[in-house]
Amino acid sequence: MATILDTTELAAAPPRKRFQETLVFDLCERVFLLLLFIWFASRVLPSVAGQPYNMLILVSETLTAFLVLVRRPGPMATSAYAWTVAVVGTCAPLLVLPHGGSLVPIEAAAMLMLFGLFLSLAAKAFLRRSFGIVAACRGVRRGGVYRLVRHPMYSGYVVTQAGFLLLNPSFWNAIVYAVAWLAMLLRIEEEEKFLSRDPAYRDYQADVRWRLVPGIY
């Protein structure tokens, strides 16, 4: 998830004011995600005793929260729309609940979650502290799994979350992920609107055609 700032949002403000505004938004984003993650972990962790594979979704979301907390600071988009799709896409998955009654063999769901976790970890290994939620100026990545699709981290999230849904099927979980995945698609559109203003990213788009799934999207 490499993103670049829409500089027109902050261009009218003096540099010092823009910097202070960025720090405030950055802090708000981190605190909000941390509180929601603590709530999520308090609900999922007790279920691990009965369903050990739920630990996989906990690992995936824990790493996301950790990388946001330790990321490098940088200018951030401040539009309400950019924040809405980013926060909903990131935080909505934390609202799922352990349920039980797997729709597929438990091992199959676990393998799906493991594959998705591996994919998102591989993407995060390239981003390291450049990871973020809202569109921000942290550079463009082209190596590793970013050679396959432009948003491999999101691909990994969808696969891991689909595995969790199969393992913990419920109407609530299905609605949560439907909202999260729709927000993710809108988030991708918003990020690429920013990124396409960078010639380096336009070159990357020409080299890597697909966003999430090779041959499909």
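- I188 and V149 are not part of a single hydrophobic cluster, where members link through side-chain heavy atoms under 4.5 Å apart.
- Panel note: side chain H99, backbone S170; no donor-acceptor pair is recorded below 3.5 Å.
- Taking the side chain as every heavy atom from C-beta outward, R147 and Y204 never approach each other to under 4.5 Å.
- Minimum interatomic distance between L165 and A174 (heavy atoms only, all atoms of both residues): CD1-N, 3.7 Å.
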Residues W181, V158; criterion side chain to side chain contact (heavy atoms under 4.5 Å, CB included); working and verdict: CA-CA 7 Å; W181 293 341; V158 171; 4.0 Å; yes

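- Relative ring orientation between Y154 and H151 is described as parallel, the plane-to-plane angle staying below 30° on a 0-90° scale split at 30° and 60°.
- There is a path of hydrophobic side-chain contacts, each under 4.5 Å, that joins V48 to F37.
- By the neighbour-count criterion of 12 heavy atoms within 6.0 Å, atom CZ of R202 is densely surrounded, having more than that number from other residues, nucleotides or ligands.
- Between the side chain of R150 and the main chain of R209, a donor-acceptor pair closer than 3.5 Å is present.
- Closest heavy-atom contact between A183 and V88: CB-CG1, 3.6 Å.
- One distance of note links OG of S47 with CG of L97; it measures 10.0 Å at 0.5 Å rounding.
- The side chain to side chain donor-acceptor pair (under 3.5 Å) test with R211 is passed by exactly one of E191, E189, Q205: E189.
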Check against side chain to side chain contact (heavy atoms under 4.5 Å, CB included), N54 and F164: CA-CA 7 Å; N54 282 348; F164 180 84; 3.4 Å; yes

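- Ion pairing of E190 with K193 is present here, as a side-chain N (NZ or NE/NH1/NH2) and a carboxylate O approach within less than 4.0 Å.
- A donor-acceptor contact shorter than 3.5 Å is absent between the side chain of T160 and the backbone of Y157.
- Taking a 6.0 Å sphere around OH of Y81, one finds it holds more than 12 heavy atoms contributed by other residues, nucleotides or ligands.
- Side-chain heavy-atom separations under 4.5 angstrom define the hydrophobic clusters, and L148 shares its cluster with no other residue.
- The number of heavy-atom neighbours closer than 6.0 Å to CH2 of W172, taken from other residues, nucleotides and ligands shown, is 12 or below.
- When all heavy atoms of S196 and Y201 are compared, the pair lying nearest together is N-CD2, 3.9 Å.
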Show the atom names and distances, to 0.1 Å, of all donor-acceptor pairs under 3.5 Å that link a side chain in residues 102-117 to residues at least two apart or in another chain.
unit_1: S102; atom_1: OG; unit_2: V104; atom_2: N; d: 3.4
unit_1: S102; atom_1: OG; unit_2: V104; atom_2: O; d: 2.5
unit_1: S102; atom_1: OG; unit_2: L166; atom_2: O; d: 3.3

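- Distance alone, capped at 3.5 Å, is enough to place a donor-acceptor pair between the S155 side chain and the L212 backbone.
- Taking both residues in full, the closest heavy atoms of R187 and G89 are given as NH1-C, 4.0 Å, listed atom of the first, atom of the second, then distance.
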Chi angles and distances behind the side chain to side chain contact (heavy atoms under 4.5 Å, CB included) call for M55, L45: CA-CA 7 Å; M55 179 61 74; L45 195 56; 4.1 Å; yes

From CA spacing to verdict: side chain to side chain contact (heavy atoms under 4.5 Å, CB included), L95, F40: CA-CA 7 Å; L95 300 177; F40 166 77; over 6 Å; no

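- Closest non-hydrogen pair, A92 versus V176, comes out as O-CG1, 3.0 Å.
- When hydrophobic clusters are built by joining Ile, Leu, Val, Met, Phe, Trp and Tyr residues whose side-chain heavy atoms come closer than 4.5 Å, directly or via intermediates, I216 is grouped together with M153.
- Side-chain heavy atoms closer than 4.5 Å link hydrophobic residues (I, L, V, M, F, W, Y) into clusters, and following such links, possibly through other members, connects Y146 to Y217.
- With hydrophobic clusters built from ILVMFWY side chains whose heavy atoms lie under 4.5 angstrom apart, L94 shares a cluster with W39.
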